[in-house]
> 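The structure that follows is given in the form of structure tokens.
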Amino acid sequence: MADFDTPKLKPYPEIPPIEIGAMAHSKPYVAKPNIQEKVGFPGELIDNWKQVAIDKMGELVDNSRALRVFLDSCVKCGACTDKCHYYLGTSDPKNMPVARQDLFRSIYRRYYTPAGKYFPSLVGARDLDQDVLDEWYSYFHQCSQCRRCSVYCPYGIDTAEISMAAREIMDTVGVGQKYCNEIIGKAQTIGNNLGLPQPALLNTLEGLEEDIEEETGVVVRLPLDQHGADILLIAPSADFFAEPHVDGLIGYAKVFHQAGLSWTISSYASEAANFGMFIGSYDNMQVLAQRIREAALELGVKRIVFGECGHAWRVAYNFLNTLAGPFDFLDPAYPMPQHICEVTYDLLQRNALRMDKSANDDMVLTFHDSCNVARASRMGNFEGGQLVIPREIIKASCNHFFDMPAHAIKEATFCCGGGGGLLTDDLVELRVKGSLPRMEALKQAVDEHGVTHMAAICAICKSQFSKILPYYGMEMDQVVSVHQLVSNAIQLGGDT
Ligand code: SF4
Ligand code: SF4
């Protein structure tokens, strides 16, 4: 365990007293030159970095009207101050969303507003210097870009967009984050974040086929690079090996098998996650999105379906067509892209899957809404589908389901604490403390309803909870994949 105290779980959420500078020491490792250069950024801090950073900021506010409006419209009402899990868990006032925004806004005002140019001290404008850059590096890596604050802001100011812009500026001057940029480089050259080459992938999928046959007696295929399949599945690479992710992948395979759908995974585009979004880099997001397009064309598929990954779905749902479209070569009868939960939900609605809910009777379940799904995307063809569909799948798979308290679910959900490119061991203190509001809500569900397990549809949330739950006295296997529940309950073979 790292050298810090895990916060105490309280029966009800409390707004903590402020502790100035409590997390000033928290910084992720800086990317080395070879990592930076591989993804198109300078290897280290460039000589004329201040001017380049100021120019980049100008470019970003010119290109994004939303960003400029967010920077110009805050009235300091304070409604967001107690809404960020990183403030609630760390007490550091710079983790209040408005304070995080002001780290950026103060520089924007100095160089891009008349008042800031001529009367900087009157409008909270600051010169850009090394101290500011250090502060940015620390606190813009204490934002998981979860958008919770924007739900409570009367102007809808989205700190996530400001955080992405700040990270893009830092990358542009040569100060990038090791964890994100190393992963982006791997995904761009090998096809997935883990750097798994085709033979390793094939070996893994064949092993899973053997496991399923051993357990069920039914041959269920997990095809790789199968030309002419109808569906290209884009799963997060954690699904290929990590627990509980891999149980979700087995669930997708069983759904496809039982519905008689032909599908394949691509070794060329074997990653749903797109870390380009975390660093605000359109160019890097596009490289990964293009791989998906190329794989779909090469394999001749008719549909693209995404697995359980929150930010992957945010990128796919919002940007895939812009980044790599048009996808007019796919079958227009299906949404593009489609989420695996939409596929399963549709089959359940049509009674095309036979489920034995009692297979999950050893668990009492709750559901963690992943922020990128709940607040930054949709599912299905009805409003709020992204909140309803996963719950309906869980309820179709088990007999015992209870939601956590209302302030911590659906649009108000708390981030797991490890999203936004922060799922790295050099930030474990931040991750543990930032997960406090979610852990308190879970504990309430445990105490009130006897909840034993929490389901999620995000690869990062699952990894984060597996690591964090023991810090709070719970077991790492108390987090499960939604399609793991489906996998347990689905009845293979025979008539549906
Ligand atoms: S986007 Fe999320 S992590 Fe970032 S400041 Fe807002 S509430 Fe905090
Ligand atoms: S809620 Fe919105 S307007 Fe109010 S302080 Fe926060 S960012 Fe500013």
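Start at 1 and go down the list; that is how both ligands and their atoms are numbered. All values reported here derive from a predicted model rather than from experimental measurement. Computed over heavy atoms, backbone and side chain alike; hydrogens, waters and symmetry mates excluded.
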> Give the total of protein N/O/S atoms at a distance below 2.8 Å from atom 6 (Fe) of ligand 2.
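If we list every protein N, O or S atom nearer than 2.8 Å to atom 6 (Fe) of ligand 2, we get 1.
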> Is the number of heavy atoms from other residues, nucleotides or ligands within 6.0 Å of OH (Tyr152) greater than 12?
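Enclosed: over 12 neighbouring heavy atoms sit under 6.0 Å from OH of Tyr152.
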> How about CD1 on Ile20, more than 12 heavy atoms from neighbouring residues, nucleotides or ligands closer than 6.0 Å, or not?
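It does not: Ile20 CD1 has 12 such atoms or fewer within range.
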> For Pro154, counting its heavy atoms only, list the atoms of ligand 2 lying under 4.0 Å from any of them.
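Near Pro154, meaning under 4.0 Å from one of its heavy atoms, ligand 2 has 1 (S).
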> Among all protein non-hydrogen atoms, which one is nearest to atom 3 (S) of ligand 2, and what is the separation to 0.1 Å?
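Ranking protein heavy atoms by distance from atom 3 (S) of ligand 2, first comes Val75 N, 3.6 Å.
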> Tell me, with the steps shown, if His339 and Ser377 meet side chain to side chain contact (heavy atoms under 4.5 Å, CB included).
CA-CA 11 Å; His339 195 282; Ser377 67; over 6 Å; no
> Within 45 degrees of the ring normal and closer than 6.0 Å to the centroid, is that where the cationic atom of Arg293 sits relative to Phe327?
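Because its charged atom sits under 6.0 Å from the ring centre and within 45° of the axis, Arg293 does stack over Phe327.
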> Which residue and non-hydrogen atom of the protein lie closest to atom 4 (Fe) of ligand 1, and at what distance in Å?
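The closest heavy atom on the protein side is Cys143 SG, 2.4 Å.
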> Could you find the nearest protein heavy atom to atom 5 (S) of ligand 1 and give me its residue, atom name and distance?
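Looking only at protein heavy atoms, the one closest to atom 5 (S) of ligand 1 is Arg100 NE, 3.4 Å.
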> Could you go through residues 407-420 and list every donor-acceptor pair under 3.5 Å that involves a side-chain atom there, pairing it with any protein atom two or more places apart or in another chain?
{"residue": "Thr413", "atom": "OG1", "partner": "Asp369", "partner atom": "O", "Å": "2.7"}
{"residue": "Thr413", "atom": "OG1", "partner": "Arg438", "partner atom": "NH2", "Å": "2.9"}

> Need the ligand 1 atom indices (1-based, order shown) with element for anything under 4.0 Å from a heavy-atom of Arg147.
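Counting from 1, the qualifying ligand atoms are 1 (S), 2 (Fe).
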> Identify the closest protein heavy atom to atom 8 (Fe) of ligand 1: which residue and atom is it, and at what distance?
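It is Cys84 SG, 2.4 Å.
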> So, does Arg147 use its side chain to make a donor-acceptor pair with the main chain of Cys371 at under 3.5 Å?
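Pair absent, no side-chain N/O of Arg147 close to backbone of Cys371.
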> Would a 4.5 Å heavy-atom cut-off, applied to side chains only, mark Gln464 and Arg431 as touching?
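They are in contact (side-chain heavy atoms under 4.5 Å apart), so the answer is yes.
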> Note the single closest protein heavy atom to atom 2 (Fe) of ligand 1, along with its residue, its atom name and the distance in Å.
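Going atom by atom, the protein heavy atom closest to atom 2 (Fe) of ligand 1 ends up being Cys146 SG, 2.4 Å.
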> Which of the numbered atoms in ligand 1 are below 4.0 angstrom from a heavy atom of Ser144?
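Ligand 1 atoms under the 4.0 Å threshold to Ser144: 3 (S).
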> Between Phe140 and Trp136, what is the ring plane arrangement, given parallel below 30°, perpendicular above 60°, and tilted in between?
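Because their plane-to-plane angle is over 60°, the rings of Phe140 and Trp136 count as perpendicular.
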> Any heavy atom of His85 closer to ligand 1 than 4.0 angstrom?
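The answer is yes, since His85 has a heavy atom less than 4.0 Å from ligand 1.
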> Can you tell me if Gln478 uses its side chain to pair, donor with acceptor, with the backbone of Leu469 under 3.5 Å?
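Absent.
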> Considering non-hydrogen atoms only, spot the tightest contact between Ile394 and Ala455 and give its length.
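Taking every non-hydrogen atom into account, CD1-CB, 4.0 Å.
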